[in-house]
Amino acid sequence: MKQFDFIVLGSGIAGLSFALKVAPRGRVAIVTKKDRAESNTNYAQGGIAAVTSKEDSFALHVRDTLTAGAGLCKENVVRTIVEEGPARIQELIELGMKFSERDAPAEDGGKELDLGKEGGHSKRRILHAKDVTGREIERALLNAVARQPNIQIFENHIAIDLITSQKLGRADTNRCLGAYVFDKKGNRVWAFTAPVTLLATGGCGKVYLYTTNPDIATGDGVAMAYRGGAAIADMEFVQFHPTCLYHPQAKSFLISEAVRGEGGVLRMLDGREFMDAYHPLKSLAPRDIVARAIDSEMKKSGAEHVWLDITHRPAQFLIGRFPNIHQTCLRYGIDITREPIPVVPAAHYQCGGVVTNGNGETDIAGLYAVGEAACTGLHGANRLASNSLLEALVCAQHAAARAIANRQSPIVNLNIPLWQSGNAHNPDEMVVVSHNWDEIRRLMWDYVGIVRTNKRLERAAKRIANLQEEIREYYWNFIVTSDLLELRNIATVAELIVRCAQLRPESRGLHYNLDYPHPNPAWAQRDTVLRKQS
Ligand code: FAD
Ligand code: SIN
């Protein structure tokens, strides 16, 4: 058993920001399943949305967020996050984050933050570090964490399940006492205990066959919270990014929406622009609309991708503004300064998650959730581009303050049972694990993708239930491996996405069901909420 004051599961922007805030008050364990920088955060390109320019206002950022959210955002949460954004950005800069700047008049100091534009934003308001914003955030936060003697990072440690008083049969109020954690290199399971546990485990892009997300994104936090008895909401709202690079060797490489913000235009294979038929903002319309339009045009024409064309901008500008995209595409033989980029939509962001209030509190005492794993009500039915990094920064601050204020005394003298697992190890059977992975991801892509129907959802539900039966058997009989743990989690998250989708008899934001093609006013402001029956 390892005892701490705070356990942080995940080392992306949410986990690191929270850890830095609570570290002056106690010992912090950051548990992270791969290398410390490996996270969705690390791959963020476009930037962080925040009001920093004189031409912009909180009211406009709030309005854009609510419009994208299609009637399902919680307006008080939106207002708080938007209004507190600039202060959190300033703290990030003070920690060492270097945002891109541009020349400004001498009376304004000669330099100002360069602001990018993305879909659904009525103003330029995206702070960025060229096209590698996430990498720069991780660098700055990890450097700050390294200066904190109270924080210990456990890399290659994957959280398996939450330890809760209810599971131990102890109390009437369900309280989180920590988590069982598998040390992948040491090949053993530890019980990490603390009065405060933060889920900052990110999203679940890997539930889908095609995704912009790295391999860590298997929805572990949502699955663990659900098994622990927390409420999960709005999982039907999976955001598909319209422009993932289409190339047989490129795995999950995003072409930032900022490329369209700088004038990039979507075209069919014959060069025809098509977005004017779908939305007045054309290629810069909100993501749900652009992704559906591409999906529909590809299905109509049989094309395997569309083009994103920014060749009309000067080469020098493109190389300076998008160095990572330029270099990566060159490696695949595509020169973005001279030829259009082949792109397709791919699963990108989980708008739903573990239900929290504005302070990151879940309905399990002592358990907090921040970042992509959480559902705060900011994004509603469709996240406005670059609002997620902002949400993580602001909510980490609130959750840390609340966790410090509410913290109960350290957990001592609790007889936490040792982790029990099977000990079978059969390489032939382990092949089945990888087949099940593929099957879930493919069926989610085919049946629960950009366009859904009742029938496809029903089929998906049946197949997932069968696979879960099989996974349960492996899970209890075989030795723990991270593949098996993640398989169990993606199956749970797939189930939650399908069940939420089945609960919503309308189309709204990112959830589009051909059997109910329009929003139903009775469902405006209604979340789909699931809780495990004990
Ligand atoms: P993450 O950054 O994903 O971190 C999750 C952490 O949890 C990781 O360290 C992971 O290893 C760890 N973890 C997961 N499961 C376990 C487990 N069981 N045990 C231990 N550790 C675990 N958003 C924007 O606002 N602006 C952008 O420009 C932008 N660009 C993006 C580009 C790409 C390619 C992608 C994929 C996403 C982008 N997003 C962007 C979304 C944004 O990056 C994420 O929503 C955000 O970074 C999530 O932060 P997080 O801290 O919640 O999770
Ligand atoms: C992008 O750069 O297109 C991603 C931005 C986001 O997901 O918020």
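Counting starts at 1 for both ligands and their atoms, in listed order.
- Salt bridge annotation for Asp64-Lys123: absent, with no cationic side-chain nitrogen under 4.0 angstrom from a carboxylate oxygen.
- Between His348, Glu118, His157, Gln45, it is His157 that holds the heavy atom closest to atom 20 (C) of ligand 1.
- A salt bridge links Glu257 with Arg287: at least one charged nitrogen is closer than 4.0 Å to a carboxylate oxygen.
- Taking every non-hydrogen atom of Gly46 and a distance limit under 4.0 Å, the qualifying atoms of ligand 1 come out as 28 (O).
- Annotation for ligand 1: atoms under 4.0 Å from non-hydrogen atoms of Thr32 are 9 (O), 11 (O), 20 (C), 21 (N).
- Contact check on Arg383 versus Glu391 returns no salt bridge, with no Lys/Arg side-chain nitrogen under 4.0 Å from an Asp/Glu carboxylate oxygen.
- At a heavy-atom distance under 4.0 Å, only side-chain atoms of Leu254, from C-beta outward, approach ligand 1.
- Annotation for ligand 1: atoms under 4.0 Å from non-hydrogen atoms of Glu38 are 8 (C), 9 (O), 10 (C), 11 (O).
- When only interatomic distances are considered, the shortest N/O to N/O separation between Arg383 and ligand 2 falls below 3.5 Å.
- Annotation: Ser256 places an N or O atom under 3.5 Å from an N or O atom of ligand 2; distance criterion only.
- Salt-bridge annotation for Asp309 and Arg267: present, with a side-chain N of the basic residue lying under 4.0 Å from a carboxylate O of the acidic one.
- Listed for the Asn357 side chain is a donor-acceptor partner under 3.5 Å among the backbone atoms of Glu361.
- Ligand 2 does not have Gln239 within reach: every non-hydrogen atom of the residue lies 4.0 Å or more from it.
- Of all protein heavy atoms, the one closest to atom 36 (C) of ligand 1 is Asn213 ND2, 3.3 Å.
- An N or O contact shorter than 3.5 Å links Ala159 to ligand 1 by distance.
- Protein heavy atom nearest atom 42 (C) of ligand 1, with residue, atom name and distance: Ser388 OG, 3.7 Å.
- Under the 4.0 angstrom criterion for non-hydrogen atoms, Gly203 is not in contact with ligand 1.
- Distances from ligand 1 to the non-hydrogen atoms of Thr133 include no value under 4.0 Å.
- Distances between N or O atoms of Ile13 and those of ligand 1 include at least one value under 3.5 Å.
- For ligand 1, the polar-atom distance check finds an N/O of Thr41 within less than 3.5 Å of one of the ligand's N/O atoms.
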Exercise. Trp445 and Tyr210: ring pair (Phe, Tyr, Trp, His ring centres under 6.0 Å), yes or no, with the steps?
Worked result: CA-CA 7 Å; Trp445 184 260; Tyr210 302 110; 5.0 Å; yes

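- Below 4.0 Å from some heavy atom of Gly46 lie the following atoms of ligand 2, by number and element: 1 (C), 2 (O).
- Backbone and side-chain nitrogen or oxygen atoms of His348 are examined, and one is located within less than 3.5 angstrom of a nitrogen or oxygen of ligand 2.
- For the pair Ser386 and ligand 1, a heavy-atom separation below 4.0 Å is found.
- Ring planes of His61 and His121: tilted class, angle from 30 to 60°.
- Geometrically, ligand 1 and Ser11 share a nitrogen or oxygen pair separated by less than 3.5 Å.
- The side chain of Arg383, and not its backbone, has at least one atom closer than 4.0 Å to an atom of ligand 1 (non-hydrogen atoms only; side chain from C-beta on).
- Protein heavy atom closest to atom 18 (N) of ligand 1, with residue, atom name and distance, is Asp220 OD2, 2.8 Å.
- The closest approach between a heavy atom of Ala392 and any atom of ligand 1 is not below 4.0 Å.
- Summary of contacts: the protein heavy atom closest to atom 31 (C) of ligand 1 is Ala44 CA, 3.4 Å.
- With salt bridges taken as basic N to acidic carboxylate O contacts below 4.0 Å, none links Arg488 and Asp483.
- Of all protein heavy atoms, the one closest to atom 45 (O) of ligand 1 is Glu372 OE1, 2.6 Å.
- Salt-bridge annotation for Arg124 and Glu262: present, with a side-chain N of the basic residue lying under 4.0 Å from a carboxylate O of the acidic one.
- At the top of the distance list for atom 53 (O) of ligand 1, counting protein heavy atoms only, stands Gly202 CA, 3.3 Å.
- Residue Tyr349 approaches ligand 1 through these ligand atoms, each under 4.0 Å from one of its heavy atoms: 45 (O).
- Ring pair Trp419/Tyr475 is perpendicular by interplanar angle, where above 60° counts as perpendicular and below 30° as parallel.
- A salt bridge does not link Glu136 with Lys98: none of the charged nitrogens is closer than 4.0 Å to a carboxylate oxygen.
- Between atom 3 (O) of ligand 2 and the options Gln45, Arg260, Glu257, the minimum heavy-atom separation is to Glu257.
- Polar contact with ligand 1: present for Asn40 (N/O pair, distance under 3.5 Å).
- Residue-ligand proximity: Ile48 is placed with every non-hydrogen atom at 4.0 Å or more from ligand 1.
- Atom NZ of Lys130 is surrounded by 12 or fewer heavy atoms from other residues, nucleotides or ligands within 6.0 Å.
- The shell of residues lying under 4.0 angstrom from ligand 2, judged by heavy atoms, includes Ser386.
- Near Ala14, meaning under 4.0 Å from one of its heavy atoms, ligand 1 places the atoms 51 (O), 52 (O).
- Against a heavy-atom cut-off of under 4.0 Å, Glu118 is close to the following atoms of ligand 2: 5 (C).
- The atoms of ligand 1 that sit less than 4.0 Å from any heavy atom of Val31 are 20 (C), 21 (N).
- Other residues, nucleotides and ligands contribute more than 12 heavy atoms inside 6.0 Å of the CZ atom of Arg139.
- Not a single heavy atom of His128 sits under 4.0 Å from any atom of ligand 2.
- Under the 4.0 Å criterion applied to side-chain N and carboxylate O atoms, Asp215 and Lys251 are assigned as salt-bridge partners.
- Electrostatic pairing of Asp5 and Arg27 does not count as a salt bridge here, judged by no charged N lying under 4.0 Å from a carboxylate O.
- Assignment of Leu254 to the shell around ligand 2 is supported, since a heavy atom sits closer than 4.0 Å.
- Taking the six-membered ring where tryptophan is involved, the planes of Tyr332 and His247 are tilted, since the angle between them lies from 30° to 60°.
- Looking at atom 14 (C) of ligand 1, its nearest protein heavy atom turns out to be Thr201 O, 3.3 Å.
- Annotation: Lys184, atom NZ; neighbour count of heavy atoms from other residues, nucleotides and ligands within 6.0 Å is above 12.
- Each of the atoms 52 (O) of ligand 1 lies under 4.0 Å from some heavy atom of Gly371.
- In terms of polar-atom proximity, defined here as any N/O pair under 3.5 Å, Arg287 does make such a contact with ligand 2.
- Interface of His241 with ligand 2, defined as ligand atoms under 4.0 Å from a residue heavy atom, comprises 1 (C), 3 (O), 4 (C).
- Given atom 12 (C) of ligand 1, the protein heavy atom at minimum distance is Gly10 CA, 3.6 Å.
- Of all the atoms in ligand 2, the ones that sit under 4.0 Å from a non-hydrogen atom of Ala385 are 8 (O).
- For ligand 1 and Asn387, the ligand atoms under 4.0 Å from any heavy atom of the residue are 25 (O).
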